[in-house]
A.B. asks: 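Here it is, the structure in full.
This one's a predicted model, so the numbers in the text were calculated from it and none came from an experiment. Note that these values count all heavy atoms, side chains included, but never hydrogens, waters or copies made by symmetry.
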Amino acid sequence: MRQMIVHCEQETISMALIEDGRLVEYAVERSQEQGIVGSFYKGKVVNVLPGMQAAFVDIGLKKNAFLYIDDVLHPHLEKQPKLKPSISELLFVGEELIVQVMKEPRGGKGARVTTHFSLPGRCMVYMPTADYVAVSKKIGRDTERARLKGIGEQIRTDEEGLIIRTVSEDEPLDSIRGDLDFLRKEWARILDKAPPAAAPALLHRDLGLLQRFIRDSFDPVHDELIMDNRTKAEEIRGYLTEIMPGMYPKVTYYTDGTPIFQAYGLDEQMKTSFARKITLPEGVNIVVDQTEAMTIIDVNSAKYIGGDNFEETVLKTNLLAAEEIARILRLWDIGGIIIIDFIDMDREEHRHQVVAVIESVMRKDRTKSFVVGWTRLGLLEMTRKKAKESTALPYAKPCDNCGGRGLVIK
């Protein structure tokens with residue numbers, strides 16, 4: 001069972017997701033800092049760089065957005081030219097076009113944008129010009145995958161593309177078609193706003209944090225939503241009824257005097273889960289260091305002696321660590337390159353078992369990840385998609401004196 005605990009303040013919403021009693025996701029959204037990933041803008045090309053095969057687009061933010069050539073070509077790979085043209089053949093300075101934000105502005109970099117448009121709904125992701133149908137890999141039954149692929153081909157028209165999401169499993173045709181009709185109307189509204197708008201202009205903003213989670217992964221049969229604000233609870237109950245007609249989702253208004261996060265044991269879990277050094281109940285230590293280029297995670301057995309011999313102890317230590325690391329990646333919302341230094345294992349089958357555990361746990365993650373494999377030095381290399389800055393470090397910030405390096409120059 002999953003519980004989603006939501007604490008509401010005047011300008012802030014904090015969300016914690018619990019699976020089987022353990023905290024697995026945490027996020028904060030401040031009303032004045034709502035992200036722009038997924039938002040549509042009418043922008044103006046301000047620079048075209050053939051050497052970089054990219055262009056800069058003014059969408060009204062402090063930094064111009066970055067548009068790479070692959071995000072200008074047709075979204076269907078089979079319809080792209082075998083030899084990429086110069087981006088100067090596709091875009092020119094002063095040109096106005098609709099773009100969608102893929103990545104938030106970060107540090108000194110502007111947002112990354114694309115013309116491969118996508119609108120996520122509950123049952124599918126709608127891509128107006130992609131011209132293909134795909135089905136979520138998390139749907140394992142071949143017969144169900146074939147059924148959903150057939151439905152997608154049946155209901156799409158012209159150049160439309162659809163990615164059928166996991167929640168569509170066993171859903172009737174009418175529900176899936178209804179979702180598509182709603183997304184078509186959303187796209188039509190965006191197109192209608194564009195011609196009269198003076199670039200740069202915001203055309204469409206994606207849903208807020210709470211609504212996005214509900215839309216993307218809330219299961220009205222098994223999941224429970226608990227909120228400490230009556231007005232917000234009623235709003236969410238209405239939103240759920242709108243997107244899930246005929247269902248009776250569990251939305252509870254929390255009224256006890258104890259703060260909601262404290263009542264559900266989340267304060268203590270967050271203090272231990274967001275530490276640089278995490279010690280599991282079995283005694284295994286995990287140390288997480290984030291750098292500009294990558295995240296490095298070190299595993300050591302510390303006080304754990306759970307095996308009958310050395311190899312067995314090493315394997316059990318690494319399996320325990322693998323499960324916890326997968327949770328940390330999701331909870332901290334760590335993205336980019338990730339290198340994990342497990343305790344050295346001599347047997348290939350043991351390394352396969354460790355990878356299998358990580359992949360199994362990461363299947364519950366809404367963010368895509370990929371285990372690359374073991375390096376020659378015995379390190380496990382993987383990646384996890386990163387679209388925005390993490391809001392999931394409520395108890396820590398870099399030291400003002402050392403910048404988070406742990407060293408102060410004399």
A.B. asks: When you look at Ile278 and Glu324, which way does the side-chain contact (heavy atoms from CB on, under 4.5 Å) test go after all the steps?
C.D. replies: CA-CA 9 Å; Ile278 297 169; Glu324 180 66 9; 4.1 Å; yes
A.B. asks: Between Tyr26 and Trp332, does the ring centroid distance fall short of 6.0 Å?
C.D. replies: no
A.B. asks: Considering only residues two or more places apart or on different chains, which pairs with a residue in residues 119-138 satisfy ring pair (Phe, Tyr, Trp, His ring centres under 6.0 Å)?
C.D. replies: His76-Tyr132
A.B. asks: Measure across His116 and Asp70 and return the closest heavy-atom pair with its distance rounded to 0.1 Å.
C.D. replies: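 It is CE1-O, 2.9 Å.
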A.B. asks: Looking at side-chain heavy atoms only, is the closest gap between Glu311 and His350 below 4.5 Å?
C.D. replies: yes
A.B. asks: Look only at the side chain of Arg2 and the backbone of Leu17, and say whether a donor-acceptor pair between them is shorter than 3.5 Å.
C.D. replies: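 Such a contact is absent between Arg2 side chain and Leu17 backbone.
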A.B. asks: Taking all heavy atoms of Val133 and all of Gly152, pick out the closest pair and write down the distance.
C.D. replies: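 Smallest interatomic distance, heavy atoms only, reads CG2-C, 3.8 Å.
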A.B. asks: Give a yes or no answer on whether the side chain of Arg30 reaches the backbone of Glu11 with a donor-acceptor pair at less than 3.5 Å.
C.D. replies: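 Such a contact is absent between Arg30 side chain and Glu11 backbone.
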A.B. asks: What's the shortest heavy-atom distance between Ala197 and Leu203, and which atoms?
C.D. replies: CB-CD2, 4.2 Å
A.B. asks: With sequence neighbours left out, which residue pairs that include part of residues 198-239 fulfil the ring pair (Phe, Tyr, Trp, His ring centres under 6.0 Å) condition?
C.D. replies: Phe40-His204
A.B. asks: Hey, does Val113 have a side-chain heavy atom less than 4.5 Å from the side chain of Met102?
C.D. replies: no
A.B. asks: Any side-chain heavy-atom pair from Ile338 and Thr383 closer than 4.5 angstrom?
C.D. replies: no
A.B. asks: State which residues pass side-chain hydrogen bond (donor to acceptor under 3.5 Å, both in side chains) with Asp298; sequence neighbours excluded, sorted by chain then number.
C.D. replies: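 Not a single residue meets the side-chain hydrogen bond (donor to acceptor under 3.5 Å, both in side chains) criterion with Asp298.
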A.B. asks: Any side-chain donor-acceptor pair under 3.5 Å between Arg327 and Ser273?
C.D. replies: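 Result is yes, a qualifying pair exists.
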A.B. asks: Could you pull out the closest heavy-atom pair between Ala65 and Ile59, with the gap in Å?
C.D. replies: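 In terms of heavy atoms, the two residues are closest at CB-CD1, 4.0 Å.
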A.B. asks: Answer whether the closest heavy-atom distance between the side chains of Ile358 and Leu380 falls below 4.5 Å.
C.D. replies: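 With C-beta onward as the side chain, the pair touches.
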A.B. asks: Please enumerate all residues that pass side chain to side chain contact (heavy atoms under 4.5 Å, CB included) together with Lys250, with sequence neighbours excluded.
C.D. replies: Glu224
A.B. asks: For the residue pair Gln154 and Leu173, what are the closest heavy atoms and their distance?
C.D. replies: NE2-CD2, 3.9 Å
A.B. asks: Within the 4.5 Å heavy-atom criterion, are Ile297 and Ile339 side-chain neighbours or not?
C.D. replies: no
A.B. asks: Holding to side chain to side chain contact (heavy atoms under 4.5 Å, CB included), I want the full list of residues that pass it with Pro200, two or more places apart in sequence or in another chain.
C.D. replies: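 Asp58.
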A.B. asks: Strictly by salt bridge (charged side-chain N to carboxylate O under 4.0 Å, His left out), give each pair with a member in residues 59-68 just once, sequence neighbours left out.
C.D. replies: none
A.B. asks: Would you say Glu160's side chain and Thr157's backbone share a donor-acceptor pair under 3.5 angstrom?
C.D. replies: yes
A.B. asks: Taking only residues two or more places apart in sequence or in another chain, which ones pass side-chain hydrogen bond (donor to acceptor under 3.5 Å, both in side chains) with Glu171?
C.D. replies: Ser175
A.B. asks: Please report the shortest heavy-atom distance between Arg184 and Ile155, naming the atom on each side.
C.D. replies: NH2-O, 2.8 Å
A.B. asks: Can a donor-acceptor pair be found, under 3.5 Å and without considering hydrogens, that links the side chain of Lys44 to the backbone of Glu96?
C.D. replies: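 No, Lys44 side chain to Glu96 backbone: no donor-acceptor pair under 3.5 Å.
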A.B. asks: With sequence neighbours left out, what residues match Glu381 under salt bridge (Lys or Arg N to Asp or Glu O under 4.0 Å)?
C.D. replies: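 With neighbours one apart ignored, the set is empty.
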A.B. asks: For Glu153, enumerate each residue passing the salt bridge (Lys or Arg N to Asp or Glu O under 4.0 Å) test, keeping only those at least two apart in sequence or located in another chain.
C.D. replies: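 Testing Glu153 for salt bridge (Lys or Arg N to Asp or Glu O under 4.0 Å), a comparison that skips the adjacent residues, returns Arg156.
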A.B. asks: Can you list everything that forms a side-chain hydrogen bond (donor to acceptor under 3.5 Å, both in side chains) with Arg366? Sequence neighbours excluded, please.
C.D. replies: Glu25
A.B. asks: Just to verify, what does Arg177 make a side-chain hydrogen bond (donor to acceptor under 3.5 Å, both in side chains) with, not counting sequence neighbours?
C.D. replies: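 Testing Arg177 for side-chain hydrogen bond (donor to acceptor under 3.5 Å, both in side chains), a comparison that skips the adjacent residues, returns none.
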A.B. asks: Suppose we screen for salt bridge (Lys or Arg N to Asp or Glu O under 4.0 Å). Which residues come up paired with Glu159, at least two apart in sequence or across chains?
C.D. replies: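 Salt bridge (Lys or Arg N to Asp or Glu O under 4.0 Å) check on Glu159 returns Lys79.
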